[in-house]
Amino acid sequence: MSAKKENRIRAPRGTSDYLPERAASILWLDRLAGEVFSNYGYQRIITPTFEDTALFTRSIGEASDIVRKEMYTFEDRGGRSLTLRPEATAPVVRAFIEHNLGSQSLPVKLYYFSNMFRYERPQAGRFREFWQLGVEALGSPEPSLDAEVITLAADFLRALDIREGLMKIGSMGDENCRPQYTLILQKYLEEKRDSFCPDCGERLKFNPLRVFDCKNPECQKALGDAPKMIDHLCDECRDHFDGVRRLLKEVEIEFSIDPMLVRGFDYYTRTTFEIQSSQLGAQNALGGGGRYDRLVSDYGGKPTPAVGFALGIERLLAALKAEENVDLSAPRKIDVFLIVIDSEHRDQAFKLAIELRRIGLSAEVDYMNRSTRSQMKLADKMGAEYALILGPDEMARGEVVLRNLSTGEERPEKLSLVADKLGKIKGFE
RNA sequence: GUGGUUGUAGCUCAGUUGGUUAGAGCGCUGGACUGUGGCUCCGGAGGCCGGGGGUUCGAAUCCCCUCAGCCACCCCA
């Protein structure tokens, strides 16, 4: 037990053990997501934990921070370069192409709930292993699909009773209007270069849109009258964006237009969105997503427009906790606790416990040779509804005592019939 | 990767200007109640004071290094 602390192995940095209480919260979210998402027609997909490294370098963007310094990349014994998934859109798209899911009726609507890995310095709401819940809808360019996905995200937050989520939406344009806009922006930024911080000086060279993300107040001020993508959309993109906004209003989703919204992946086109929470600290995004019309064809699939989003599970839990709207720490309750008075009846208690469990009741027994009194205390602490007492006198008559722990009422029952009886009381059989 | 801050029992924390066997509450456990819980009372287990090195007669307390947590930058879920 007392291994020297220096030698003790701990969970790796940025990871954590989800002990029963927290694990239960995660599973609860998973189950709730399953309910809400299936109403919207999304089906669960599970992809591998690791993928060919090239899958991510190509989709996320060579220049992005995630690819440059945040991936868990390793070589396996066969010399393949593999990477623990930092996000799930690329794997889902890969699976979509690999299994020719595009030949089904479109759109194909999938959701996932899985762990992601990013080599980052841990911080509030940011970990090296974390969980994401997300959807991908592939096959339609219609604004209604964007609106559906955004509504689904908002409805899920509503189902969780998270009220502080702020929906922000924007548009990145497409291959027609974005390159032109980028040039206009770059030119503007170059002219006002001295007003920006050194970081932004770098950004404007390889990814000028990123300048919008800077938190430096000086930079934000200088950006005030910078040209915005949403003012330079081509006609098609403008119509699309208008369509998304109109539909969101139809279904009463509250949102604001954020002309400065920039997301971290290079593959987005047209609609992007992000849900921010004031409860979260610096890492304030509960989730986000957008449209990626080029990704499937970039991977060699048939051109397939698509849209999706991801929510951060740990951040949802943090927001839930901060808002205190939901009690995630419901105490465990059991149906029956079996109390052994004479240790010669332990085997019978063991058998009876299993019999009760097999008919669907939760039953517990003492494993520590506790006194009767201590067993009663345990039963109480576990929130047991009944205590089943195996006393030598009753056992000699083939009976046990059934005690209702909330009323204190107790009476003898035939040992051979007590399981059936409890099953009936609890509504089984 | 950079900066700030913290690190004492399972948990939340005390620990006085460095001074003998390191404390509390909760939790765990035994008992008071020899076959019966929730309250109360009494007892017990559990810490090389994150780890390593140094200063000192003496370090949980001072110094250095390291690891980890937290917070921020960066970036994003």
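All of these numbers come straight from a predicted model, not from anything done at the bench. In what follows, chains carry the letters A, B, and so on, assigned in the order in which the sequence lines appear, proteins first and then strands, with residues in each chain numbered from 1.
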Distances under 3.5 Å between protein N/O atoms and the N/O atoms of nucleotides 44-46 of chain B, please, pair by pair.
none

message: Under the rule for side chain to side chain donor-acceptor pair (under 3.5 Å), what residues qualify as partners of A/Arg94, not counting sequence neighbours?
response: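 A/Glu51, A/Glu98.
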task: For A/Glu190, check side chain to side chain donor-acceptor pair (under 3.5 Å) against everything at least two apart and list the hits.
output: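 Testing A/Glu190 for side chain to side chain donor-acceptor pair (under 3.5 Å), a comparison that skips the adjacent residues, returns A/Arg193.
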task: Could you encode protein contacts along nucleotides 69-77 of chain B as a string, one character per nucleotide from 5' to 3', using B for base contact, S for sugar-phosphate-only contact and - for no contact, with a heavy-atom cut-off of under 4.0 Å?
output: S-SBBBBBB
Under 4.0 Å protein heavy-atom contact, by nucleotide of nucleotides 27-34 of chain B - B base, S sugar-phosphate only: -SSSSBB-
task: With sequence neighbours excluded, give me every ring-ring contact (aromatic ring centres under 6.0 Å, His included) pair touching residues 135-166 of chain A.
output: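 For residues 135-166 of chain A: A/Phe37-A/Phe156.
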Side chains of residues 110-119 of chain A: which donor-acceptor pairs under 3.5 Å do they make with residues two or more places apart or in other chains?
residue	atom	partner	partner atom	Å
A/Arg118	NH1	A/Pro86	O	2.4

Return all side-chain donor-acceptor pairs below 3.5 angstrom for residues 132-141 of chain A, not counting sequence neighbours, or 'none' if the list is empty.
residue	atom	partner	partner atom	Å
A/Glu136	OE1	A/Tyr292	OH	2.4
A/Glu136	OE2	A/Thr89	OG1	2.8
A/Ser140	OG	A/Glu142	N	3.0

Helical stems, RNA chain B - three or more consecutive Watson-Crick or G-U wobble pairs below 3.5 Å: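 Stem list for RNA chain B: B:1-7 with B:67-73, B:10-13 with B:23-26, B:28-32 with B:40-44, B:50-54 with B:62-66.
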field: RNA chain B contacts made by residues 30-39 of chain A, counting heavy atoms under 4.0 Å
entry: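 Nothing qualifies; none.
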message: Can you list, in residue-number order, the parts of residues 42-53 of chain A that come under 4.0 Å of RNA chain B, counting heavy atoms only?
response: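 Going residue by residue through residues 42-53 of chain A, none turns out to have a heavy atom under 4.0 Å of RNA chain B.
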message: Once you apply a heavy-atom cut-off of 4.0 Å, does A/Asp342 come out as touching a base, just sugar-phosphate, or nothing?
response: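 The answer is nothing, as A/Asp342 stays clear of every strand by at least 4.0 Å.
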task: With sequence neighbours excluded, give me every side-chain hydrogen bond (donor to acceptor under 3.5 Å, both in side chains) pair touching residues 33-42 of chain A.
output: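 Qualifying pairs, neighbours excluded: A/Arg31-A/Glu35, A/Tyr40-A/Asp155, A/Tyr42-A/Glu148.
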